[in-house]
Amino acid sequence: MLRIAIQAKGRLNEECLALLADAGIVMSGGNRKLIAHAKGFPMDVLYLRDDDIPQAVAMGVADIGIVGLNEVAEKGEDVDVAMKLGFGACRISLAVPRDADYNGLEWFNNRRIATSYPRILRRFIDENNIKAEIHEIAGSVEVAPAVGMADAIFDIVSSGGTLIQNGLVEVEQVFASEAVLVANKNLDEEKLGEIDKLKFRFSSILDSRGMKYVLMNIPQDRIAAAVALLPGMKSPTLMPLSEEGWYSMHVVIPQDELWEKIEKLKGLGAEDILVLALENIIR
Ligand code: ATP
Ligand code: MG
């Protein structure tokens, strides 16, 4: 039976649980326990701090895990990155005080940079021949320059609001991260088979996220023009209405194109357009 490690609490926890739930996998007893048995898939769930997930998976304490790519890169544990999961997006960036005379990467020479990601930062400054001092701190990295602990920081940024609040500006984006599924490198065939099933469920969910199922009534002589507008999955589904010369057309449209396409379809003569949520795309 597979054992998956996920973050016990924090930014990735809810989206991990939502992804598992969409995949038909639910746990009883909440996350107060260290380990829970899943229903809907033969699997145990281990709730850990995100920092410990790469090591737990590398050691085989868990077979697989869901964790930020940033933690995987920082910890340097030998695990397989099996799949990107499309949530928990963030970047790790260098930021300097707003009033610094920043003039490019050389600015960091002989400066002290506070970070919780010393390994990723070391790699970056070595590759760029910067001689900076790395000052490792566990939390509240963004206050380090204001209290005189460092000249600059290397930290996680998502919206940038925290930087602004602390009088800092992002000057170099170094590492892009999102949540990933990681796997131990020495699993037997049976477990690899189970992981393939899980990946299949996850990819059907990820494919359907951001997509809408759209139904509309359309005159027969407008179908060709509508089809040209909407490549759909293979081709749109068409069903004749009882009213002569009219069809019901069903298509899948990416959310970010939805309104633009709907306006065009209306312009072509489509009527009674229904937009429905799409749960899964099974290919
Ligand atoms: P833990 O208690 O599990 O060690 P943590 O405090 O280290 O948790 P969180 O702040 O919950 O970590 O962040 C978990 C992950 O969420 C990060 O490693 C990163 O991959 C992702 N993430 C996405 N956006 C952000 C953000 N704005 N700040 C921090 N992490 C983010
Ligand atoms: Mg952590």
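All figures in this text were calculated on a predicted structure; none of them were measured in a lab. For ligands, and for the atoms within them, numbers begin at 1 and follow the listed sequence.
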Trainee: Identify the two heavy atoms, one from F200 and one from I282, that lie closest to each other, and give their separation to 0.1 Å.
Mentor: CZ-CG2, 3.5 Å

Trainee: Would a 4.0 Å cut-off, counted as strictly less than, catch a protein heavy atom around atom 6 (O) of ligand 1?
Mentor: no

Trainee: Is ligand 1 under 4.0 Å from a heavy atom in the side chain of R11, in the backbone, in both, or in neither?
Mentor: both

Trainee: Hey, is the Mg ion (ligand 2) within less than 2.8 Å of some N/O/S atom on D50?
Mentor: yes

Trainee: Please answer: with hydrophobic residues joined when any side-chain heavy atoms are less than 4.5 Å apart, are W246 and V251 in the same cluster?
Mentor: no

Trainee: D51: which N/O/S atom is nearest the Mg ion (ligand 2)?
Mentor: OD1

Trainee: Atom 9 (P) of ligand 1: which protein heavy atom is closest, and how many Å away?
Mentor: Q7 NE2, 3.8 Å

Trainee: So which heavy atom in the protein is nearest atom 27 (N) of ligand 1, and how far is it from that ligand atom?
Mentor: S158 OG, 2.6 Å

Trainee: Are F154 and V147 connected into the same hydrophobic cluster when the rule is that any two of I, L, V, M, F, W, Y join if their side-chain heavy atoms are below 4.5 Å apart?
Mentor: no

Trainee: So with a 6.0 Å cut-off around CD of E279, is the heavy-atom count from everything else above 12?
Mentor: no

Trainee: Nearest non-hydrogen contact with atom 15 (C) of ligand 1 belongs to which option: L12, I6, I53?
Mentor: L12

Trainee: What do you reckon, are the aromatic ring centroids of F108 and Y102 less than 6.0 Å apart?
Mentor: yes

Trainee: For G68, counting its heavy atoms only, list the atoms of ligand 1 lying under 4.0 Å from any of them.
Mentor: 20 (O)

Trainee: Please check if V214 and W259 belong to a single hydrophobic cluster, counting links between Ile, Leu, Val, Met, Phe, Trp and Tyr side chain heavy atoms closer than 4.5 Å.
Mentor: yes

Trainee: Inspect the contact between R123 and E127 and indicate whether a charged nitrogen and a carboxylate oxygen are less than 4.0 angstrom apart.
Mentor: no

Trainee: Other residues, nucleotides and ligands only: do more than 12 of their heavy atoms fall within 6.0 Å of CE on M1?
Mentor: yes

Trainee: Nearest to atom 24 (N) of ligand 1, what protein heavy atom do you find, and at what distance?
Mentor: C90 CB, 3.6 Å

Trainee: Looking only at protein heavy atoms, identify the closest one to atom 14 (C) of ligand 1 and say how far it is in Å.
Mentor: D50 OD2, 3.4 Å

Trainee: Could you check which of D51, L48, N13, N70 puts a non-hydrogen atom nearest to atom 19 (C) of ligand 1?
Mentor: N70

Trainee: Among all protein heavy atoms, pick the one closest to atom 2 (O) of ligand 1 and tell me residue, atom and distance.
Mentor: R49 NE, 3.2 Å

Trainee: In terms of atom number and element, which parts of ligand 1 are under 4.0 angstrom from non-hydrogen atoms of G10?
Mentor: 11 (O)

Trainee: Would you say CD of E271 has more than 12 non-hydrogen atoms from neighbouring residues, nucleotides or ligands within 6.0 angstrom?
Mentor: yes

